[in-house]
K.L.:
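After the structure tokens below, expect a handful of questions from me.
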Amino acid sequence: MKNIYLTILMLLVWPVMVAEGASSEMQQYRLLLSRELDVLRSVKDRESAEAAVPLLQEGKRQLVQMLLAWEGEYQEIWEYDEEKDALLSDIHKNYCYGSAAFAELMFNDAEAALIPQPMTPEVLEDIGDAPGKMCDVGEWKVRCILGPGFTPDKPWRLRMEGDGRFPRELIGAVVDVCCPGENVEIAEVVVVSQRMVRVGVCLVHNNSKYKANQWIDVSEACRMYTSDEQQTAIREKQRLAQELATAYAAVKDAESAEAREAQVEALWAEWEKLSDAYSSLPLQQRKAADQAMAPALMKIMQELERLQESDFYGCELEAPL
């Protein structure tokens, strides 16, 4: 989220003079950067954001003038850039405290200063009758039939052309394309039930920014899993992995194999029932869950390799997955 002149500076590789006799210029350069940080640290509300604009503009002028005057080789410097990024990110999250001048200068986007407000009945009426849209999301063609979608009793109905299930993680992409308004931002996606999804949005309409919930009935497009269902799938799969490892380790001969056959079959059946909910986990959560199960899964593989040498003692013990 750098502004234009910060981008220019980065393209010039945040120079540090290394030519002989450049120490005074370097000190001046660092002083300008330090002053800019001081100004950014002072931005705490709209008044201070507005007051910072002329100071930052003058800093911009001096920095650009200095960089254009410099000649020679340059190397990167990061101690100022890292704090500047953090300060600008925090200010951006606070919508530049409503200062359009600051947003335009630092982010080249005056709309970054629009502070979201609750959706009014007048705005709902104005955009609530927007027609449904067909959009391409990856390999899927999706149609949103608006209902108008801003209340749970009149949700969107999400339909998908073709077979298969629409991925949970792409719901936000559909809303981004189909939600009425301009510059739609997705705040959160919450699975309320296997049928209903609630998407928090911020959207611009007539130069004002509003926050609302977009409700979607996904029963015709995909099956969704709530966070509770996903967490249950994680816990149950971890339990099943441990029980399967123990069951396989107990098989030592034909008699013990026959005794464990029904148990192993039942455990794998439970495992399969949880697979869809487990697969619907966000990638990072699924990776963490996989890592937690890794020791038990490795034990299962080792036991299966051992039993395969004995052809599972003639019993149905082989993993179905």
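None of these values were measured; they are calculated from a predicted model.
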K.L.:
Checking Ser208 against Gln117 for the side chain to side chain contact (heavy atoms under 4.5 Å, CB included) test, could you report, in this order, the C-alpha distance in whole Å, the side-chain angles of both residues, the deciding distance, and whether it holds?
P.N.:
CA-CA 8 Å; Ser208 295; Gln117 53 188 299; 4.0 Å; yes
K.L.:
Are the side chain of Thr246 and the backbone N or O of Gln242 linked by a donor-acceptor pair below 3.5 Å?
P.N.:
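Checked: pair present.
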K.L.:
Once rounded to the nearest 0.5 Å, what's the spacing between atom CD of Glu236 and atom CD of Gln231?
P.N.:
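Here the rounded value is 12.5 Å.
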K.L.:
With the threshold set at 4.0 Å, does a side-chain nitrogen-carboxylate oxygen contact exist between Arg41 and Asp38?
P.N.:
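So Arg41 pairs with Asp38 through a salt bridge.
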K.L.:
Of all the heavy-atom pairs spanning Cys179 and Lys133, show the shortest one and how long it is.
P.N.:
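What the structure gives for the nearest pair is O-NZ, 4.5 Å.
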K.L.:
Spell out, as yes or no, whether a donor-acceptor pair under 3.5 Å connects the side chain of Arg286 to the backbone of Leu281.
P.N.:
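Confirmed, Arg286 side chain pairs with Leu281 backbone.
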K.L.:
Taking all atoms of both residues into account, what is the closest heavy-atom pair of Phe312 and Ala257, and its distance?
P.N.:
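Closest approach of Phe312 to Ala257, heavy atoms only: O-CB, 4.2 Å.
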K.L.:
Measure the OG-CG distance between Ser279 and Asp276 for me, rounded to the nearest 0.5 Å.
P.N.:
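Answer rounded to 0.5 Å: 6.5 Å.
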K.L.:
Where is the tightest heavy-atom contact between Cys178 and Cys144, given as atom of each residue plus distance?
P.N.:
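Shortest heavy-atom separation between Cys178 and Cys144 comes out as SG-SG, 3.8 Å.
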K.L.:
If you group Ile, Leu, Val, Met, Phe, Trp and Tyr by side-chain heavy-atom gaps below 4.5 Å, do Leu31 and Leu63 land in one group?
P.N.:
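Cluster IDs for Leu31 and Leu63 differ.
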K.L.:
Does any N or O in the side chain of Glu220 come within less than 3.5 Å of the main-chain N or O of Arg159, such that one atom is a donor and the other an acceptor?
P.N.:
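No; zero donor-acceptor contacts below 3.5 Å.
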K.L.:
Ignoring hydrogens, what is the shortest heavy-atom contact between Ala296 and Ala245? Give both atom names and the distance.
P.N.:
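Heavy atoms only, the tightest pair is O-CB, 4.0 Å.
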K.L.:
Please step through side chain to side chain contact (heavy atoms under 4.5 Å, CB included) for the pair Leu158 and Val197, ending with a clear verdict.
P.N.:
CA-CA 10 Å; Leu158 185 63; Val197 177; over 6 Å; no
K.L.:
Are Leu105 and Leu32 in one and the same hydrophobic cluster, where Ile, Leu, Val, Met, Phe, Trp and Tyr link if side-chain heavy atoms are under 4.5 Å apart?
P.N.:
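Yes, Leu105 and Leu32 fall within the same hydrophobic cluster.
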K.L.:
Using the rule given for side chain to side chain contact (heavy atoms under 4.5 Å, CB included), can you reason through Val175 versus Val189, listing the C-alpha separation, both sets of side-chain angles and the distance that settles it, and then say yes or no?
P.N.:
CA-CA 10 Å; Val175 176; Val189 178; over 6 Å; no
K.L.:
Under a 3.5 Å distance rule, please check whether Gln230 uses its side chain to pair with a backbone N or O of Ser280 as donor and acceptor.
P.N.:
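Looks like yes, one N/O pair under 3.5 Å.
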K.L.:
So His205 and Tyr210, would you call those rings parallel, tilted or perpendicular, with 30° and 60° as cut-offs?
P.N.:
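Ring orientation of His205 relative to Tyr210: tilted.
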K.L.:
Is Tyr97 reachable from Leu40 through a run of I, L, V, M, F, W or Y residues, each pair having side-chain heavy atoms under 4.5 Å apart?
P.N.:
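Yes.
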K.L.:
Salt bridge or not for Arg61 and Glu58, using N-O below 4.0 Å?
P.N.:
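Counted as a salt bridge, because a side-chain N and a carboxylate O are separated by less than 4.0 Å.
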K.L.:
OG of Ser310 to CG of Asp253: how many Å apart, nearest 0.5 Å?
P.N.:
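Taking OG in Ser310 and CG in Asp253, the distance rounds to 10.0 Å.
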K.L.:
Around atom NZ of Lys252, are there more than 12 heavy atoms of other residues, nucleotides or ligands at under 6.0 Å?
P.N.:
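Yes, because the 6.0 Å sphere around NZ of Lys252 holds more than 12 heavy atoms from other groups.
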K.L.:
Between atom CD of Gln263 and atom CG of Leu244, what is the distance when rounded to the nearest 0.5 Å?
P.N.:
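Atom-to-atom, Gln263:CD and Leu244:CG are 8.0 Å apart.
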K.L.:
CE of Met298: more than 12 outside heavy atoms within 6.0 angstrom?
P.N.:
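Not more than 12 within 6.0 Å, no.
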K.L.:
Would you say CD of Glu265 has more than 12 non-hydrogen atoms from neighbouring residues, nucleotides or ligands within 6.0 angstrom?
P.N.:
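Atom CD in Glu265 is not packed in, count stays at 12 or less.
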K.L.:
With a 4.5 Å limit on heavy-atom distance, are the side chains of Gln57 and Val53 in contact?
P.N.:
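Yes, at least one pair of side-chain atoms sits under 4.5 Å.
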K.L.:
Answer yes if Val39 and Tyr80 sit in the same cluster of Ile, Leu, Val, Met, Phe, Trp and Tyr residues linked by side chain heavy atoms under 4.5 Å apart, and no otherwise.
P.N.:
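They do share one cluster, since a chain of ILVMFWY contacts under 4.5 Å joins Val39 to Tyr80.
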K.L.:
Looking only at heavy atoms, what is the nearest atom pair of Met224 and Gln194, with distance?
P.N.:
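Smallest interatomic distance, heavy atoms only, reads O-CG, 3.0 Å.
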K.L.:
So do the side chains of Leu114 and Tyr95 get within less than 4.5 Å of each other, counting heavy atoms only?
P.N.:
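A side-chain contact is absent here, since even the closest heavy-atom pair is not under 4.5 Å.
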K.L.:
Using a 4.5 Å cut-off on heavy atoms from C-beta on, say whether the side chain of Val218 contacts that of Trp156.
P.N.:
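Side chain of Trp156 against side chain of Val218, heavy atoms only: no contact under 4.5 Å found.
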K.L.:
Aromatic rings Trp268 and Tyr248: how do their planes relate, parallel, tilted or perpendicular, breaks at 30° and 60°?
P.N.:
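Rings of Trp268 and Tyr248: tilted, as their planes differ by 30° to 60°.
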K.L.:
Any non-hydrogen side-chain atom of Met106 less than 4.5 Å from a side-chain atom of Ile91?
P.N.:
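No, their side chains stay 4.5 Å or more apart.
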K.L.:
Asn213 and Val201: side chain to side chain contact (heavy atoms under 4.5 Å, CB included), yes or no, with the steps?
P.N.:
CA-CA 6 Å; Asn213 285 318; Val201 298; over 6 Å; no
K.L.:
Can you confirm whether Trp215 sits close enough to Val192 that some side-chain heavy atom of one is under 4.5 Å from a side-chain heavy atom of the other?
P.N.:
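Yes, their side chains come closer than 4.5 Å.
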K.L.:
Could you tell me if the side chain of Lys209 sits less than 4.5 Å from the side chain of Ile115, heavy atoms only?
P.N.:
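Of all side-chain heavy-atom pairs linking Lys209 with Ile115, none is under 4.5 Å.
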K.L.:
Got a salt bridge between Arg239 and Glu270, using NZ or NE/NH1/NH2 to carboxylate O under 4.0 Å?
P.N.:
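Yes, Arg239 and Glu270 are salt-bridged.
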K.L.:
Taking atom CD as the centre, does Gln285 end up with more than 12 heavy-atom neighbours from other residues, nucleotides or ligands that are less than 6.0 angstrom away?
P.N.:
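Yes, enclosed.
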K.L.:
Could you tell me which non-hydrogen atom of Phe150 sits nearest to which non-hydrogen atom of Met119, and how far apart they are?
P.N.:
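Phe150 and Met119 have their closest heavy atoms at CE2-CE, 3.9 Å.
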K.L.:
Tell me if the CD atom of Glu316 is crowded by more than 12 foreign heavy atoms within 6.0 Å.
P.N.:
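Not buried by this count: 12 neighbours or fewer within 6.0 Å.
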K.L.:
Report the distance from atom NZ of Lys154 to atom CG of Asp217, rounding to the nearest 0.5 Å.
P.N.:
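One finds 15.0 Å between NZ of Lys154 and CG of Asp217.
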K.L.:
Are Val43 and Asn94 close enough that some pair of their side-chain heavy atoms sits under 4.5 Å apart?
P.N.:
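A side-chain contact under 4.5 Å is absent here.
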K.L.:
Within a 6.0 Å radius of atom CD on Glu125, are there more than 12 heavy atoms belonging to other residues, nucleotides or ligands?
P.N.:
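No, because the 6.0 Å sphere around CD of Glu125 holds 12 heavy atoms or fewer from other groups.
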K.L.:
Quick one: does Pro167's side chain get under 4.5 Å of Trp140's, heavy atoms only?
P.N.:
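Counting from C-beta outward, Pro167 and Trp140 do come under 4.5 Å.
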K.L.:
Are Ile127 and Val177 linked, directly or through other ILVMFWY residues, by side chains that come within less than 4.5 angstrom of each other?
P.N.:
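Each belongs to a different hydrophobic cluster.
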K.L.:
What's the separation between atom CD in Glu47 and atom CD in Glu50, rounded to the nearest 0.5 Å?
P.N.:
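Taking CD in Glu47 and CD in Glu50, the distance rounds to 9.5 Å.
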K.L.:
Quick check: are there more than 12 heavy atoms from other residues, nucleotides or ligands sitting under 6.0 Å from CZ of Arg35?
P.N.:
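No, because the 6.0 Å sphere around CZ of Arg35 holds 12 heavy atoms or fewer from other groups.
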